[in-house]
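These notes concern the structure reproduced below.
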Amino acid sequence: MLTRRHFIKATAAGLAGGACLRLAPLQAQQSEIHLTAGTGLVNFSADQKAPTEVMHYNQSVPGPILRIPQGRESLIRFENGLDESSSVHWHGLRIDNAMDGVPGMTQVPVEPGESFEYRLTPPDAGTYWYHTHQRSWAQLALGLAGVLIVEEKNPPVVDQDLVFAIDDWRLDDDMQIDRNSLGAMHDWAHAGRMGNVLTVNGETEATFRVARGERIRLRLVNIANARVMNLLFNEPQISVVAIDGQPVEPFAPTDGRVQLAPGQRTDLIIDMSSEPGQRSLVEVVIGEYAYEVANFSYRQEVRREQALDGTVRLEANPLQNVQLPNDFLEVPLHMGGGAMGRMRSATYNGKEMDVRELVKNRKIWAINGIAGLPEKPLFSVRRGTAVSLNVDNDNSWPHAMHLHGHHFIYDKTPDYWRDTALFARGEQGSMRFIADNPGKWLVHCHMVEHMAGGMVTWFEVT
Ligand code: C2O
Ligand code: CU
């Protein structure tokens with residue numbers, strides 16, 4: 001488990017030695033973007049003794065921040081420099097099915113040395129991310145993720161537009177990724193593979209330089225395999241302006257706390273109001289402890305004596321015009337399995353198996369009694385059908401359910417659209433949406449060990 005000892009405190013952010021990769025994400029803003037997966041070394045802090053071996057995109061962990069325009073096509077050429085197959089999934093984008101990056105479903109895996117051209121025309125602006133969708137329980141844990149920004153046509157006026165990508169690593173005493181635990185069924189049957197080191201933008205102590213009176217936009221993205229991040233901000237003037245990329249009616253988070261399940265995003269607007277020279281911490285609350293993961297470090301100069309007036313509201317996306325009807329195709333989605341659960345058997349590859357046999361096949365979770373991708377879809381509908389996924393999280397664990405290619409209304413937060421919703425253990429709730437994007441789409445838990453362990457299904461829009 002996470003211990004304080006593992007949290008490396010560094011005073012200055014930077015690289016030790018010259019052999020390492022860049023930590024600060026790069027900005028890519030050309031019409032054709034190249035994204036190359038490879039392996040290499042990074043330091044998560046300035047005083048790290050030996051660099052950590054990772055998988056990366058474009059020599060950077062997390063990968064470069066990609067900025068693409070709303071409503072126009074961007075070409076992203078993915079090259080696989082790994083020695084295993086991979087793919088890139090564009091999490092939260094309502095794009096063409098063929099570009100969704102799911103090997104075996106929307107494309108063939110991209111083999112070592114090969115490449116794939118992704119053409120993305122995102123209808124909605126906002127904060128998204130990209131990640132491997134091949135053996136993601138390993139490749140994501142090793143670093144294959146980055147932040148994708150779809151730029152608004154009329155972005156709000158801010159002094160800084162910052163990204164805050166939080167990740168969770170399981171490192172050994174030599175600061176190497178604990179590869180022996182990749183694939184450990186114990187983690188898969190419990191909450192997923194938790195780490196012992198948290199990073200923001202690839203640093204154990206990320207520093208954001210700010211000035212009193214500045215208005216900043218902070219795009220929070222949880223790129224961890226399995227850890228739900230409970231962030232605590234010590235700034236009084238915060239408002240949430242978007243969730244999972246989609247604008248929301250601005251609201252202040254209660255007690256400065258923002259929860260992000262794996263895959264989720266939240267955009268904040270913060271009016272920086274501490275004194276020059278101060279540091280205000282961003283912490284992750286785990287049990288009884290708060291761990292510093294980043295800080296705002298105030299410059300001596302003051303940007304404005306008085307904070308800017310008024311609330312920032314983001315421009316509505318096309319999705320905001322969608323109205324859900326009163327009638328839905330009701331689809332039950334029962335989630336069973338895991339440690340301390342009641343599942344006795346499930347179907348895997350068309351065969352009924354008891355739990356012992358399932359575990360031999362590395363399966364321990366089931367949706368509607370089926371472990372892993374079923375041959376037949378969970379449902380198949382005509383384009384435009386309103387669907388209500390009626391979730392029964394009937395096991396002992398929370399799960400972050402994610403829909404590909406669509407956003408939905410989660411019944412506990414009916415005021416905004418999401419693409420990933422966290423269901424508490426025992427929770428029942430619904431995910432309602434219009435199935436309006438043709439193709440074959442995954443539904444899965446974004447605790448990626450749970451997905452690998454069987455908590456995944458798919459639906460079809462014709
Ligand atoms: Cu963020 Cu199926 O993925
Ligand atoms: Cu799960």
Side-chain angles (χ1 to χ4, degrees), residues 62-63 86-95 97 99-107 109 127-137 139-141 144-148 165 167 185 187-194 221-228 244-245 260-265 333-341 343 363-367 371-373 378 391-408 418-427 429 431 437 439-459:
S86 196
S87 74
V88 187
H89 169 59
W90 314 94
H91 181 118
L93 294 191
R94 301 189 298 134
I95 47 171
N97 190 245
M99 299 294 127
D100 198 42
V102 180
M105 178 158 283
T106 67
Q107 67 170 94
T127 304
Y128 302 89
W129 65 300
Y130 59 95
H131 59 82
T132 172
H133 221 294
Q134 182 76 320
R135 283 175 19 99
S136 51
W137 51 273
Q139 292 186 1
L140 186 61
L144 288 186
V147 172
L148 174 75
D167 204 351
M185 281 311 281
D187 292 335
W188 290 23
H190 290 73
R193 185 171 176 277
M194 296 293 166
V221 187
N222 183 350
I223 63 174
N225 278 38
R227 186 184 292 284
V228 176
D244 288 356
L260 292 172
Q264 293 183 331
R265 288 90 62 215
L333 198 159
H334 175 274
M335 290 147 68
M340 295 172 278
M343 188 172 85
K363 294 289 169 282
I364 189 63
W365 300 97
I367 291 177
L373 269 187
L378 177 66
V391 173
D392 179 4
N393 188 22
D394 184 22
N395 59 79
S396 303
W397 303 91
H399 298 281
M401 295 306 283
H402 172 48
L403 278 195
H404 279 218
H406 297 76
H407 275 63
F408 56 83
R418 307 210 63 126
D419 59 48
T420 308
L422 183 62
F423 286 85
R425 67 167 132 171
E427 181 179 338
M431 299 157 75
N437 198 350
K440 296 175 173 180
W441 303 102
L442 289 185
V443 182
H444 64 84
C445 178
H446 221 291
M447 284 122 174
V448 291
E449 294 80 15
H450 292 171
M451 167 169 58
M455 194 169 275
V456 54
T457 186
W458 62 287
F459 65 95

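Start at 1 and go down the list; that is how both ligands and their atoms are numbered.
- With rounding to the nearest 0.5 Å, the separation of CE in Met335 from SG in Cys445 is 6.0 Å.
- Ring pair His131/His91 is tilted by interplanar angle, where 30° to 60° counts as tilted.
- Rounding to the nearest 0.5 Å gives a distance of 4.0 Å between NE2 of His399 and CE of Met455.
- Taking CZ of Arg425 as the reference point, atom CG of Asn393 lies at 10.0 Å (rounded to 0.5 Å).
- Under 3.5 Å, the side chains of Ser87 and Gln107 contain no donor-acceptor pair of N or O atoms.
- Ring centers of His402 and Trp129: at least 6.0 Å apart, outside the cut-off.
- The minimum distance between the Cu ion (ligand 2) and any N, O or S atom of His450 involves atom ND1.
- If you look at atom 2 (Cu) of ligand 1, the protein N, O or S atoms less than 2.8 Å from it are His133 NE2, His404 NE2, His444 NE2.
- A distance of 6.0 Å or more separates the ring centres of His450 and His444.
- Note: angle at the Cu ion (ligand 2), from ND1 of His399 to SG of Cys445, is 130° (rounded to 10 degrees).
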